[in-house]
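Numbered from 1 within each chain, the chains take letters A, B, ... in sequence-line order.
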Amino acid sequence: MRFFSVKAIIIAVIVLLFGACEQVFEYTPYSAEVTAGRQDTHAKNLAALIDIENQLTPGQSFRFSLVSDSHDYFNDLDDAVSVISKDDESLFVLHGGDLTHHGILMEYNITHHIMSKVGKPWLTVIGNHDFVTNGKIIYEQMFGEMNYTFTFNNCKFVFFNNNIWENYNIEPDFFWLEEALSEAGNYDHVFVIAHIPPWGDQFTALYEQVYQDIVKSAGVSLSIHGHGHTHYYGRKYNDEMDYLIIGTPYKRSFCTVDVFPDTVIVNQIPF
Amino acid sequence: MKKITGFHLILVFFLMFELSFAQTRSSWTVFVPDFAIANFAGFKGKYAFGAGYNLNRRHSLQLGILYGFTPKSDLPDLASTYTARGIYFPKVYQFGSGFAFSPQVAVDLSYTIAMNKNTWISLPQHFPHNYYSSTAIRVHLGIGGNISYHTGEKYIFKKIDFYAETTTNDLYAKYFLRYRNLSVPDIFTLGIGMNLWF
């Protein structure tokens, strides 16, 4: 049996070593290289949302769905998305954070793949687990800014990064939140979506009070959170402010919010 | 004093295994590697270099210790990956003149240092106890093959190995169990390399 010379084999291997098809070779599970098709997800979905909004009449009621804290329970998230996708009344979906458990690119990719199957625009707020390892860099490439807002049918949605421990103990930007809510009176409803509830483990008593004061002063209709995996809906502080903790798909439920000009109705949907 | 982690214990285990074989060598040669390693990808960093040791007389068990790096052009932060690996060759097939093929199974323990502060071996103190497990330590399983060529005693390197393996890690294996639409190829990646024997 003939073989090539040793020299030829060595040259071939060296060529293969440095010219190999890179997507086949992963250097580290902590990669932060988001593919082009998954970048700027919020911008793409917000553009799609505008088209949906244009089909509504002003003041028309609408519904949106909420999931949160899916971590790496991908099958459960997949099941929730399957149910939501069949609800024609639900116009878009919000994810309340902890899209991943370890902030690993593969987790982000799987969650992105699953959420994209919902067939409606979907938007997220970053959760504390999403910061772990290179998660913050991945989130910003895949989705965009961590603090952002959009309006839909005379309602304002404010997405606020209030994670602290995993965000290098940086204080949440309450000035930004105040500014984002400064014209809240111009809207039928304002919704704030922030992963950590104000009574959560990462908030000091001061932060809890600051957050309460800001959302109450602005007349926020519903303060929406994740982090706690048990669903909660109520007036946590026995005042007129309603708080929602969405829950988690691995406890087999998601939420819907039906928005009317003068009220909102929250439902927990088991699946 | 830094906490002794599982990583340290397994490294000590591998070294003790090597030292138990050291009866056939003089005391100082125990630490002299048997071969040098150059590796590309396979979760060991983009480029990794290191040294390896035979652990038994039959040469069916090897220890490899590698330092790998992934440059900023490929990762937002330069990352260093330290890997300790145990490689087992169940059988050797001789062919041609001086050639041999061996399938190989490898179990790796890797420790990654990244510039971000959220890749840690021990939980930072501002977190409650057990809030997260280590984010920097990974366990890998690799399956592949090794082709070696004996060059003869007159050359500097008496043997050259070329290997290729497909590798997964503990997290990817968990995702496979947690997501029904993930296939086996989705959780494995390729790594290739060569060993130069002294």
Atom group of [X] that falls short of 4.5 Å from chain B, counting heavy atoms:
{"X": "A:N167", "answer": "neither"}
{"X": "A:Y168", "answer": "side chain"}
{"X": "A:H129", "answer": "both"}

* **When A:N134, A:D201, A:L77, A:D76 are compared by non-hydrogen pairs under 4.5 Å with chain B, the top option** =>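 Going by pairs under 4.5 Å, I would pick A:N134.
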* To do: Could you tell me which of B:T81, B:T112, B:N181 has the largest number of non-hydrogen atom pairs under 4.5 Å with chain A?
  =>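 That would be B:T112.
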* To do: Side chain from CB out, backbone as N, CA, C, O: work out which of these in B:I147 comes under 4.5 Å of a heavy atom of chain A, or both, or neither.
  =>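 When you check distances to chain A, no heavy atom of B:I147 falls under 4.5 Å.
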Please determine, by modelled atom types, if [X] and [Y] share a side-chain donor-acceptor pair under 3.5 angstrom.
{"X": "A:Y250", "Y": "A:S70", "answer": "no"}
{"X": "A:E166", "Y": "A:Q202", "answer": "yes"}
{"X": "B:H140", "Y": "B:T168", "answer": "no"}
{"X": "B:T83", "Y": "B:D108", "answer": "no"}
{"X": "B:N54", "Y": "B:H59", "answer": "yes"}

